Amino acid sequence: MPELPEVETVRRGLAPTMVGERIESVEQRRANLRLPFPEDFAARLTGRRVLSLGRRAKYLLAGLEGGETLIMHLGMSGSFRIEAGEAAAPGAFHHPRGKLAAHDHVVFVFSHARIVYNDPRRFGFMALHRTDSLAESAHLAKLGLEPLGDAFTAEALADALKGAATPLKAALLDQSRIAGLGNIYVCEALHRARLSPVTPAGDLVRANGAPTASAKLLTASIRSVLEEAVEAGGSTLRDHRQADGALGYFQHRFAVYDREGHACPRKGCGGTIGRIVQGARSTFFCGDCQKP
DNA sequence: AGTTGCACCTGGCTGC
DNA sequence: TGCAGCCAGGTGCAAC
């Protein structure tokens, strides 16, 4: 499920259960996901209180007591589920000990609940980095603009696209330019901005480095589609659920993603959604209203 | 240096 | 029914 809106939805779902609580134990059930777990992973988490749960692009960042931050990425198929404990007596809780499922790779045990990380394809990964130099972590250091942040302006986007010969679709998927968009929301944002996915990205920048009108429209489109998706609880595809089991609803509002052959929903357009392949990934767009 | 292509995995769907 | 082939929300790294 996870592009920025889905990760933000996960963050909001997990925060009430994690923040302020102490990790009593961690069960790491295999040596690696896509990347190896950090050395002494469970030991470095055990006994630590979770001070904060943040997000950068598609990364979840759990700030821990003791000076380290747990960095988590869900890859393509990662998800968390919360299993709440039952009150055994006033003020005394026990965590559930139910069976784990296939692809449950990590269990974080708290006094009142456990949080289970499940990831069939194992494209996700977890890392630890010192909190005081978190931005220097190899995973975070190269990330580009945060599209829901204050610094995401048309000028900043123009700077990120300046001189790029690569197609807009590929440029917006490049996390070192702008970080957090994936295949779905790039397609949706380009449709909102009426921009062709094959336009050279650098065409949105004037010779003096200033953003074109298209760049301004694209900036607003990226922000609005992400904000609306977060508001809707993200998109739920292929049975993925939020941490609390709830479903996201934004998938019902896709204008183009996975809608090949359907009518373009833009008023007065009358075009049909098509699919092309760019960089071995599907791009959905309307050839009638999305122009260079 | 900027881009492209492949590798990493499992599961679900389609078509024979 | 079985099975092969294709496709899927992402990223890191090697090779041009």
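Chain letters run A, B, ... following the sequence lines, proteins first, then strands; residues in each count from 1. What you see is a predicted model; the values in this text were computed from it and never measured.
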Test: A:Arg130 and A:Glu68 ion pair at under 4.0 Å
no

Do NZ/NE/NH1/NH2 and the carboxylate oxygens of A:Glu6 and A:Lys58 come within less than 4.0 Å?
no

Return the value, rounded to whole Å, for the distance between atom [atom1] of [X] and atom [atom2] of [N].
X: A:Arg56; N: C:dT11; atom1: CZ; atom2: P; result: 12 Å
X: A:Arg259; N: C:dG9; atom1: CZ; atom2: P; result: 16 Å
X: A:Met76; N: C:dC7; atom1: CE; atom2: C1'; result: 9 Å
X: A:Asp258; N: B:dG12; atom1: CG; atom2: C1'; result: 13 Å
X: A:His73; N: C:dG10; atom1: NE2; atom2: C1'; result: 6 Å
X: A:Lys162; N: B:dG2; atom1: NZ; atom2: P; result: 11 Å
X: A:Leu172; N: C:dG10; atom1: CG; atom2: P; result: 13 Å
X: A:Leu173; N: B:dG5; atom1: CG; atom2: P; result: 14 Å

Does A:Arg122 make a side-chain donor-acceptor contact with the base of B:dC9, cut-off 3.5 Å?
no

Considering only [options], which nucleotide approaches the side chain of [X] most closely?
X: A:His103; options: B:dG11, C:dG9, C:dA8; value: B:dG11
X: A:Arg281; options: B:dT10, B:dC8, C:dG9; value: C:dG9
X: A:Thr166; options: B:dT4, C:dG9, C:dG12; value: B:dT4

Taking A:Tyr59 as the starting point, is it possible to reach A:Ile184 by hopping between hydrophobic residues whose side chains are less than 4.5 Å apart?
no

First encountered from the 5' end of DNA chain B, between A:Arg177 and A:Phe123:
A:Arg177

On the nucleotide [N], are OP1 or OP2 found under 4.0 Å from the side-chain N or O atoms that [X] carries?
X: A:Gln175; N: C:dT11; value: yes
X: A:Lys58; N: C:dG9; value: no
X: A:Tyr257; N: C:dG9; value: yes
X: A:Ser282; N: C:dA8; value: yes

Relative to each other, are the rings of A:Phe250 and A:Phe254 parallel, tilted or perpendicular (30° and 60° limits)?
perpendicular

Touch check for [X], heavy atoms < 4.0 angstrom, all strands: base, sugar-phosphate only, or nothing?
X: A:Tyr59; value: sugar-phosphate
X: A:Ala164; value: sugar-phosphate
X: A:Gly279; value: nothing
X: A:Ala280; value: nothing

side-chain hydrogen bond (donor to acceptor under 3.5 Å, both in side chains), paired with A:Ser235, selected from A:Tyr185, A:Tyr257, A:Tyr249
A:Tyr185

Please report the C-alpha distance between A:Arg192 and A:Glu188 in whole Å, then the side-chain angles of each, then the deciding distance to 0.1 Å, and finally whether the salt bridge (Lys or Arg N to Asp or Glu O under 4.0 Å) criterion is met.
CA-CA 6 Å; A:Arg192 282 190 185 208; A:Glu188 294 297 315; 5.7 Å; no

Same-atom distance ([atom1]) from [N] to [M], integer angstrom:
N: C:dG9; M: B:dT3; atom1: P; answer: 23 Å
N: C:dC3; M: B:dC9; atom1: P; answer: 24 Å
N: B:dA1; M: C:dT11; atom1: P; answer: 24 Å

Minimal non-hydrogen separation, A:Thr9 against A:Pro5, with atom names
OG1-O, 2.7 Å

In dot-bracket form, how is DNA chain C paired, counting a Watson-Crick or G-U wobble pair only if both its distances are under 3.5 Å and using | for bases paired to another strand?
.|||||||.|||||||

Can you check whether A:His103's main-chain N or O pairs, donor with acceptor, with A:Asn118's side chain at less than 3.5 Å?
yes

Can a donor-acceptor pair be found, under 3.5 Å and without considering hydrogens, that links the side chain of A:Glu83 to the backbone of A:Arg81?
no

Residue whose closest nucleotide on DNA chain C lies nearer the 5' end, A:Arg121 versus A:Lys142:
A:Arg121

